[in-house]
Amino acid sequence: MRVSPVILATLFAGCGTGTVGGNGPGSLVDADHDGYTTQVDCDDADAAIHPAAVEICGDAIDQDCSGSDLACPPPIETPTSIAEVAAAWAATPLRGTVHYYCDCATGASASCVAGDDGNDGLSPATPRQTIAAAMANLATLAAEDTVALCQGGAFTTASTFAIGSNGRCADGVACNDLRDFSPTTFSATAKPIINYSGNGALFNFTGGDGGVRVLNLALNNSLNPNYGNYALNSSHVFFIYSTAHDITFGNVTMDGFEFAMYSECNAGNVDNIVITGNTITNNLVMGWLGGADNLDLSYNVFDGNGGDTAGDHSIYLYSYEQISNVRIVGNYIHGQSSPTCYGAMIVAHVAVDGLLVKDNYVEVDANSPGGGCWGISFSNITGGTHIEFIRNAVFSGNTIVNTGNVLLSVSSCPSCIIENNVLVHNWDYNGNVVALAASISPPRPGVGDDTNSNNIIRNNTIWFGPNSTGSPIGILIENDNEGAVITNNTISSSQTAQGTLSCFHYTLPLAAYASIDNNNCYSPSTYNWEYTHGSLAAWQSYAATPGFDAASFTGDPMFTAPGTDFTPGVGSPLIGAGGAAHGSSADILGVTRPDPPAIGAYEP
């Protein structure tokens with residue numbers, strides 16, 4: 001149970017002969033000054049441990065004095081590729097009573113045979129025709145039934161449709177499907193197309209409703225008269241209103257809209273949203289905007305979304321409500337809708353508890369990032385006033401290439417784990433790139449953001465290629481990031497143009513850091529180990545009392561193929577040079593690390 005200091009003070013007022021923090025007989029001792037006395041504080045020598053602390057699972061420490069460590073959930077078996085996930089949705093059997101529809105509008109197969117709304121629609125041989133009839137039927141289906149559109153067919157509409165199970169599905173269940181079927185009146189395998197020419201959202205999931213899987217469809221905005229017009233196009237594919245729940249998008253193509261998916265979170269949370277195996281392309285402002293509890297945004301292709309302003313993004317996790325249990329895993333995210341990238345590829349301004357950002361590949365074409373283009377940015381740099389934090393978060397195994405400005409940044413992320421990421425910059429960016437920034441901004445006064453304490457930054461590989469310019473920084477630790485561990489990272493540069501690499505930049509007093517060691521830094525040109533202190537020897541001398549970077553070293557990391565394969569090559573000094581105490585247990589490919597491990601994201 002967590003007890004606040006205010007309640008404790010009230011409960012114990014007048015007890016004994018001393019006061020809280022006193023040293024007389026019967027006094028209530030608070031040696032670590034965390035606001036909790038020894039009567040409830042299970043470790044009064046550590047201010048990070050007390051009944052109101054955030055409990056971290058699986059670290060063998062009882063942070064919240066509950067009596068035991070929090071057990072981590074079992075690992076989720078993940079697929080190996082986006083194609084595998086999409087294929088699984090394509091092979092998903094039809095379920096329940098199926099209501100069949102087929103039309104042959106723009107984009108349909110040349111052999112397409114349209115149905116008729118006068119048919120019974122109960123077999124592939126007797127489909128009905130129009131999308132309006134299909135959506136009206138979806139609204140009245142029995143639980144577990146399906147509305148299916150013909151493969152090779154195409155439907156056109158300017159209307160918007162409310163979509164949901166109308167209370168037929170229990171919480172936690174998507175019990176109706178809108179999807180494809182294989183026609184028998186002609187031969188085709190392409191996804192059914194829905195051409196949307198209107199404004200607003202094609203499909204609206206109303207508040208309190210949901211319970212639908214949308215599978216194997218191609219949703220297209222090319223017939224909209226404002227197609228491609230950033231100023232005038234206001235079309236969305238899916239709008240999910242607050243309190244909608246249990247919605248799945250699987251193997252759906254969404255192309256050419258203003259927004260692909262918009263989840264409203266300002267009057268009660270959206271819950272149980274699965275977005276996997278989809279292809280989301282050429283949407284002018286956002287691929288995904290919003291938040292949800294139990295959001296799985298994984299194994300999708302995002303290509304050419306957003307980018308005209310600093311507020312445009314491929315994935316924007318945002319909510320006025322606190323959300324929990326979010327997975328952003330295995331996505332391919334590339335480019336923007338305009339020639340220049342001005343917004344972040346993945347960004348969050350949110351209060352989230354339980355976040356996994358893993359195995360995403362994020363790339364912007366060289367020479368296209370503008371001043372606001374970032375890679376993965378979970379920060380409180382926003383004009384909003386709602387509280388922001390990122391608790392129980394892991395950023396692992398992401399590859400980020402040429403996104404300009406800052407490749408990976410976090411703020412308000414207590415006990416954040418940042419491991420096994422590969423960060424690459426290799427072009428002439430008009431500015432000094434930072435590869436990894438922890439606590440890019442401090443908590444905002446009066447808002448209540450979490451501090452960015454106790455980050456673990458380990459086994460990351462950072463490389464600045466021969467085409468990069470300026471004076472880049474590998475890892476920047478600043479503002480409120482006390483208790484940070486920085487270990488087993490390799491940072492190197494092949495820069496040929498003028499500029500000075502600084503592998504690390506530590507802005508806090510030495511006492512603020514928990515551990516810094518077993519790191520590697522290298523450039524054939526002039527470089528600083530640490531931005532302020534220069535060489536490794538100078539930094540080691542300055543940090544001699546805590547003994548930071550005593551086992552760290554300079555030297556060519558000897559990658560197998562710098563720029564394309566960052567596995568340590570034969571004879572690489574990275575092999576076996578890491579520290580096991582704070583290092584990651586497995587590498588970016590899931591290979592169990594030996595003791596001692598390699599430095600960087602890969603074991604040999």
Side-chain angles (χ1 to χ4, degrees), residues 400 404-409 418 421-440 455 457-479 481 484-559 562-563 566 572-574 577-579 599-600:
I400 307 175
N405 227 324
V406 182
L407 278 70
L408 173 59
S409 62
I418 304 171
N421 299 287
V422 176
L423 310 177
V424 173
H425 179 78
N426 189 25
W427 67 280
D428 181 9
Y429 178 69
N430 185 26
N432 296 324
V433 170
V434 176
L436 194 161
S439 196
I440 193 70
N455 286 182
I457 301 169
R458 61 193 182 191
N459 291 101
N460 298 287
T461 293
I462 297 171
W463 181 72
F464 298 96
N467 298 316
S468 60
T469 56
S471 297
I473 295 173
I475 295 177
L476 170 63
I477 309 294
E478 61 179 345
N479 291 311
N481 202 342
V485 172
I486 303 97
T487 188
N488 297 355
N489 303 286
T490 176
I491 303 169
S492 60
S493 172
S494 300
Q495 276 184 270
T496 57
Q498 184 177 1
T500 300
L501 165 70
S502 293
C503 286
F504 302 92
H505 189 185
Y506 300 119
T507 66
L508 303 178
L510 290 175
Y513 303 102
S515 178
I516 304 174
D517 211 353
N518 300 96
N519 296 296
N520 164 249
C521 169
Y522 173 73
S523 173
S525 304
T526 302
Y527 69 98
N528 297 315
W529 178 278
E530 198 279 326
Y531 181 86
T532 304
H533 295 88
S535 69
L536 173 59
W539 164 252
Q540 287 173 328
S541 176
Y542 171 74
T545 297
F548 289 159
D549 277 322
S552 298
F553 59 93
T554 62
D556 188 342
M558 296 175 61
F559 297 125
F566 292 99
S572 167
L574 303 180
I599 291 174

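Predicted model, so just to flag it, every value in this text is computed and none were measured. Excluded from the calculations below are hydrogen atoms, water molecules and symmetry mates; all remaining heavy atoms, backbone and side chain alike, are included.
Of the possible polar contacts, one joining the Asn518 side chain to the Ala577 backbone as a donor-acceptor pair under 3.5 Å is found. In this structure, the side chain of Asn488 does not engage the main chain of Gly600 through any donor-acceptor pair within 3.5 Å. Between the Thr461 side chain and the Val422 main chain, no donor and acceptor come within less than 3.5 Å of each other. Proximity of a side-chain donor or acceptor of Gln495 to a complementary backbone N or O of Gly470 within less than 3.5 Å is detected. Between the side chain of His533 and the main chain of Ser535, no donor-acceptor pair closer than 3.5 Å is present. Checking side-chain atoms of Ser471 against main-chain N and O of Thr500 turns up a donor-acceptor pair under 3.5 Å.
From Glu530, atom CD reaches atom OG1 of Thr507 across 9.0 Å, with rounding to the nearest 0.5 Å. To the nearest 0.5 Å, the span separating CG on Asp556 from OG1 on Thr490 amounts to 9.0 Å. Atom CH2 of residue Trp529 and atom OG of residue Ser523 lie 13.0 Å apart, to the nearest 0.5 angstrom. Residue Leu510 holds its CG atom at 6.0 Å from CZ of Phe548, rounded to the nearest 0.5 Å. Remark: Ser502 OG to Tyr527 OH distance equals 11.5 Å, nearest 0.5 Å. The line from OG of Ser552 to CG of Asn520 is 8.5 Å long, rounded to the nearest 0.5 Å.
Ring planes of Phe504 and Tyr506: parallel class, angle under 30° (limits at 30 and 60°).
Heavy-atom minimum distance, Pro472 versus Phe464: CB-CE2, 3.3 Å. Closest of all the heavy-atom pairs between Pro557 and Ser572 is O-OG, 2.5 Å. Among all heavy-atom pairs drawn from Phe553 and Pro573, the shortest one is CZ-O, 3.4 Å.
Using a 4.5 Å heavy-atom threshold, the side chains of Ile462 and Asn489 count as separate. Side-chain atoms of Asn426 and Trp463, non-hydrogen and from C-beta on, do get closer than 4.5 Å to each other. Using a 4.5 Å heavy-atom threshold, the side chains of Asn421 and Ile400 count as separate. Within the 4.5 Å cutoff, the side chain of Phe559 has heavy atoms near those of the Ser492 side chain.
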Does the pair Ile486 and Ser515 meet the rule for a side chain to side chain contact (heavy atoms under 4.5 Å, CB included), with working shown?
-> CA-CA 6 Å; Ile486 303 97; Ser515 178; over 6 Å; no

Stepwise, does the side chain to side chain contact (heavy atoms under 4.5 Å, CB included) test hold for Asn460 with Leu423?
-> CA-CA 8 Å; Asn460 298 287; Leu423 310 177; 5.6 Å; no

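At most 12 non-hydrogen atoms from other residues, nucleotides or ligands lie less than 6.0 angstrom from OH of Tyr531.
Listed by first and then second residue, the disulfide (SG to SG under 2.5 Å) pairs involving residues 504-541 are Cys503-Cys521 (not counting sequence neighbours). Identified under the salt bridge (Lys or Arg N to Asp or Glu O under 4.0 Å) test for residues 457-469, with sequence neighbours left out: Glu419-Arg458.
Put simply, the residue from Asn405, Thr469, Leu407 that forms a side chain to side chain contact (heavy atoms under 4.5 Å, CB included) with Val433 is Leu407.
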Solution key, residues 538-546 side-chain donor-acceptor pairs under 3.5 Å, sequence neighbours excluded:
{"from": "Trp539", "atom 1": "NE1", "to": "Asp549", "atom 2": "OD2", "distance (Å)": "2.8"}
{"from": "Gln540", "atom 1": "NE2", "to": "Asp549", "atom 2": "O", "distance (Å)": "2.8"}

